[in-house]
J.: 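This is the structure, below, for whatever I ask next.
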2 protein chains.
Amino acid sequence: MRFSTRGRYGLLLMIDLAQNSARGPVSLKSIAERQNLSEHYLEQIVPDLRKNGLVKSIRGAQGGYILNKSPSEINVGDVIRVLEGPIAPVECENQLDEECCANTDFCVNREVWVKIRDSITDVVDSISLADLLQGENKEIMEK
Amino acid sequence: MRFSTRGRYGLLLMIDLAQNSARGPVSLKSIAERQNLSEHYLEQIVPDLRKNGLVKSIRGAQGGYILNKSPSEINVGDVIRVLEGPIAPVECENQLDEECCANTDFCVNREVWVKIRDSITDVVDSISLADLLQGENKEIMEK
DNA sequence: CAAATCCCGATTGGTTTAGTAGGATATGAA
DNA sequence: TTCATATCCTACTAAACCAATCGGGATTTG
């Protein structure tokens with residue numbers, strides 16, 4: 001029951017952009033260095049973020065990526081869903097009448113998966129990139 | 001971000017035992033038939049449940065498995081953790097000073113993963129097998 | 001003893017993961 | 001105009017994981 005590196009790296013990338021793209025495009029290379037990730041692997045992740053309107057790309061020299069909305073308008077859930085697909089602890093939870101639940105005469109466990117899904121959704125949709133940056137400052141202040 | 005069949009089948013198996021093992025041992029074969037699962041695959045899952053004290057086995061003809069505690073004393077979380085490992089949406093959340101978080105100078109996202117983990121934990125540890133059986137009856141009544 | 005049943009290890013085919021390789025395209029700066 | 005810096009795109013791959021299957025062995029009841 002894990003998120004893959006796509007979600008994790010993607011969130012790091014978005015945070016990095018939130019911190020650094022205010023004054024101009026940020027290259028994947030610099031993000032990869034700061035976050036200690038493979039640039040080439042980020043290259044594979046970032047198109048999904050672009051196609052879904054979370055970041056904007058500027059091609060050519062001195063190009064890079066910038067956030068397409070303000071950090072307070074982007075939720076963790078937006079990023080996760082784009083990179084990991086829909087939040088669903090099992091495949092079938094929405095399809096009571098399909099194969100998965102036709103097996104057992106009554107899908108007792110559905111309740112469990114739905115509650116898990118909803119609780120995860122609540123969390124990721126209530127935290128914005130701005131919240132995370134603020135959290136960071138708070139923790140640094142506390143040091 | 002999915003649970004595997006281990007957790008899903010295991011929970012079905014436990015529910016089946018909760019329904020059927022009150023009066024004596026239940027064979028994997030009969031569970032596999034009722035739940036429409038592979039008997040052999042269940043055979044691979046059930047040792048973990050036994051070793052962790054959730055079920056008890058009776059060997060030999062007319063043998064099978066029974067619950068080792070009452071359904072109200074077994075939580076969904078117990079079953080999930082035994083079959084899927086600890087609930088942790090990422091690997092590193094407990095080790096701020098280890099590799100994973102040594103990469104970035106500050107692990108901003110940790111907050112996110114901890115909250116997700118806690119919310120899942122809350123759900124699975126608050127639902128017992130007995131609760132699920134009751135839920136089933138309720139739904140059947142509503143029909 | 002035979003059948004039912006749990007127990008155990010090995011193997012397998014398919015999918016996913018976490019990348020790497022290599023190049024095409026665009027663009028600002030020298 | 002050329003070069004360095006970027007994004008963009010399509011393959012490829014090695015390793016791990018998943019969901020089983022296979023083939024037996026040990027134990028107990030009838």
Side-chain angles (χ1 to χ4, degrees), chain A residues 1-13 16-17 20-21 24-33 35-52 54-66 68 83-85 88-92 99-100 103, chain B residues 1-13 16-17 20-21 24-33 35-52 54-66 68 83-85 88-92 99-100 103:
Chain A
M1 184 61 179
R2 292 261 156 83
F3 288 109
S4 72
T5 52
R6 288 175 61 81
R8 249 165 54 228
Y9 294 3
L11 200 50
L12 286 172
L13 184 152
D16 195 285
L17 285 184
N20 298 300
S21 79
V26 178
S27 72
L28 285 190
K29 192 182 176 194
S30 71
I31 297 177
E33 274 166 14
Q35 307 296 334
N36 202 18
L37 304 172
S38 150
E39 180 191 350
H40 234 72
Y41 189 45
L42 286 183
E43 234 173 20
Q44 203 173 333
I45 290 172
V46 77
D48 290 334
L49 297 170
R50 183 173 52 80
K51 285 171 195 156
N52 286 277
L54 294 179
V55 305
K56 232 170 66 182
S57 67
I58 292 101
R59 299 189 66 169
Q62 270 60 55
Y65 294 89
I66 57 176
N68 203 21
L83 295 175
E84 304 263 350
V90 297
E91 282 155 57
C92 67
E99 314 112 65
C100 108
N103 284 346
Chain B
M1 185 63 177
R2 291 259 156 84
F3 288 109
S4 72
T5 52
R6 289 176 60 81
R8 249 166 53 226
Y9 294 4
L11 200 51
L12 286 171
L13 183 152
D16 195 283
L17 285 184
N20 299 302
S21 79
V26 179
S27 71
L28 285 190
K29 191 182 175 192
S30 70
I31 296 177
E33 275 166 11
Q35 306 297 333
N36 201 18
L37 306 172
S38 151
E39 180 190 352
H40 234 70
Y41 190 45
L42 285 183
E43 238 173 16
Q44 201 173 334
I45 289 171
V46 78
D48 290 333
L49 297 170
R50 183 173 52 80
K51 285 170 196 160
N52 286 277
L54 294 178
V55 305
K56 232 168 66 178
S57 67
I58 293 102
R59 300 188 66 167
Q62 270 59 55
Y65 294 88
I66 56 175
N68 202 22
L83 296 175
E84 303 264 352
V90 296
E91 282 155 57
C92 69
E99 316 112 66
C100 108
N103 283 347

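Residue numbers begin at 1 in each chain, while the letters A, B, ... track the order of the sequences.
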J.: Nearest to the side chain of B/E43 - C/dC6, C/dT5, D/dT7?
T.: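 The answer is C/dC6.
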J.: Counting any heavy atom closer than 4.0 Å, what does A/R50 reach on the DNA or RNA strands: base, sugar-phosphate only, or nothing?
T.: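 Sugar-phosphate contact only - A/R50 comes under 4.0 Å of backbone atoms but never of a base.
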J.: Measure from the side chain of B/S38, starting at C-beta and using heavy atoms only, and say which of D/dA20, C/dG19, C/dC8 lies closest.
T.: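 Looking only at heavy atoms from C-beta outward on B/S38, the closest nucleotide is D/dA20.
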J.: Side chain of A/A61: nearest nucleotide among C/dG28, C/dC8, D/dT29?
T.: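 Nearest listed nucleotide: C/dG28.
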J.: Separation of A/Y65 atom OH from C/dA26 atom C1', in whole Å?
T.: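 Computing the A/Y65:OH to C/dA26:C1' distance gives 12 Å.
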J.: Taking the minimum atom-to-atom distance to the side chain of B/R59, which one of D/dG25, C/dC8, D/dT5 wins?
T.: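 Among D/dG25, C/dC8, D/dT5, the one nearest the side chain of B/R59 is D/dG25.
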J.: Regarding C/dC8, can its base be found pairing with the side chain of B/Q44 as donor and acceptor, where the two atoms are less than 3.5 Å apart?
T.: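 Between C/dC8 and B/Q44, which were checked side chain against base, a qualifying N/O pair under 3.5 Å is absent.
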J.: Considering heavy-atom distances to DNA chain D, does A/G63 or B/Y41 have its closest nucleotide positioned more toward the 5' end?
T.: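 The 5'-side residue here is A/G63.
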J.: When all nucleic acid strands are considered with a 4.0 Å heavy-atom cut-off, which category describes A/V55: base, sugar-phosphate, or nothing?
T.: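 No contact.
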J.: Looking across every strand, which nucleic acid part, if any, lies under 4.0 Å from A/Y9 by heavy atom: base, sugar-phosphate, or nothing?
T.: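 The answer is sugar-phosphate, as A/Y9 gets under 4.0 Å only of primed atoms, P, OP1 or OP2.
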J.: Is a donor on one side and an acceptor on the other found under 3.5 Å between the side chain of A/E84 and the backbone of A/S4?
T.: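 Between the backbone of A/S4 and the side chain of A/E84 there is a qualifying donor-acceptor contact (under 3.5 Å).
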J.: Judged by each residue's nearest nucleotide on DNA chain C, which is more toward the 5′ side, A/F3 or A/H40?
T.: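 By nearest-heavy-atom nucleotide position, the 5'-most residue is A/F3.
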J.: In whole angstrom, give the distance that lies between atom CD1 of A/I45 and atom C1' of D/dT7.
T.: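 So the CD1-C1' distance, A/I45 to D/dT7, works out to 16 Å.
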J.: May I ask you to verify if any side-chain N or O of A/S57 is less than 4.0 angstrom from the OP1 or OP2 atom of D/dT7?
T.: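 Checking A/S57 against D/dT7: no side-chain N or O falls below 4.0 Å of OP1 or OP2.
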J.: Say whether, by atom type as modelled, one donor and one acceptor occur between the side chain of A/S38 and the main chain of A/Y41 under 3.5 angstrom.
T.: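 Such a contact is found between A/S38 side chain and A/Y41 backbone.
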J.: What is the distance, rounded to the nearest whole Å, between atom CD1 of B/I66 and atom P of C/dT5?
T.: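 In whole Å, C/dT5 P lies 15 Å from B/I66 CD1.
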J.: Can you measure B/K56 atom NZ to C/dC7 atom P for me and round it to whole angstrom units?
T.: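 Rounding to the nearest Å, NZ of B/K56 and P of C/dC7 are 13 Å apart.
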J.: A/V55 and side chain to side chain contact (heavy atoms under 4.5 Å, CB included): which single residue from A/I66, A/D48, A/V46 fits?
T.: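 Considering A/I66, A/D48, A/V46, a side chain to side chain contact (heavy atoms under 4.5 Å, CB included) with A/V55 is found only for A/V46.
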J.: Rounded to whole angstrom units, what separation is found between the CZ atom of B/R2 and the P atom of C/dT16?
T.: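 It is 10 Å, rounded to the nearest whole Å.
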J.: Is the phosphate of D/dA19 approached by B/T5 (side-chain N or O, under 4.0 Å from OP1 or OP2)?
T.: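 The answer is yes; a side-chain N or O of B/T5 sits under 4.0 Å from OP1 or OP2.
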J.: For A/E39 and C/dG23, what is the distance between atoms CD and P respectively, to the nearest whole Å?
T.: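 The distance from CD of A/E39 to P of C/dG23 comes to 17 Å, rounded to the nearest Å.
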J.: Give, for atom CD of B/Q35 and atom OG of B/S30, the distance between the pair rounded to the nearest 0.5 Å.
T.: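 Separation between the atoms: 9.5 Å.
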J.: Does B/S4 have a side-chain nitrogen or oxygen under 4.0 Å from the phosphate oxygens OP1 or OP2 of D/dA19?
T.: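 True: B/S4 side-chain N/O within range (under 4.0 Å) of D/dA19 OP1/OP2.
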J.: Kindly say whether A/I45 contributes a backbone atom to a donor-acceptor pair with the side chain of A/R6 at under 3.5 angstrom?
T.: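 Pair absent, no side-chain N/O of A/R6 close to backbone of A/I45.
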J.: Starting from C1' on C/dA4, measure out to NZ on B/K29 and report it in whole angstrom.
T.: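 Interatomic distance, NZ of B/K29 to C1' of C/dA4: 9 Å.
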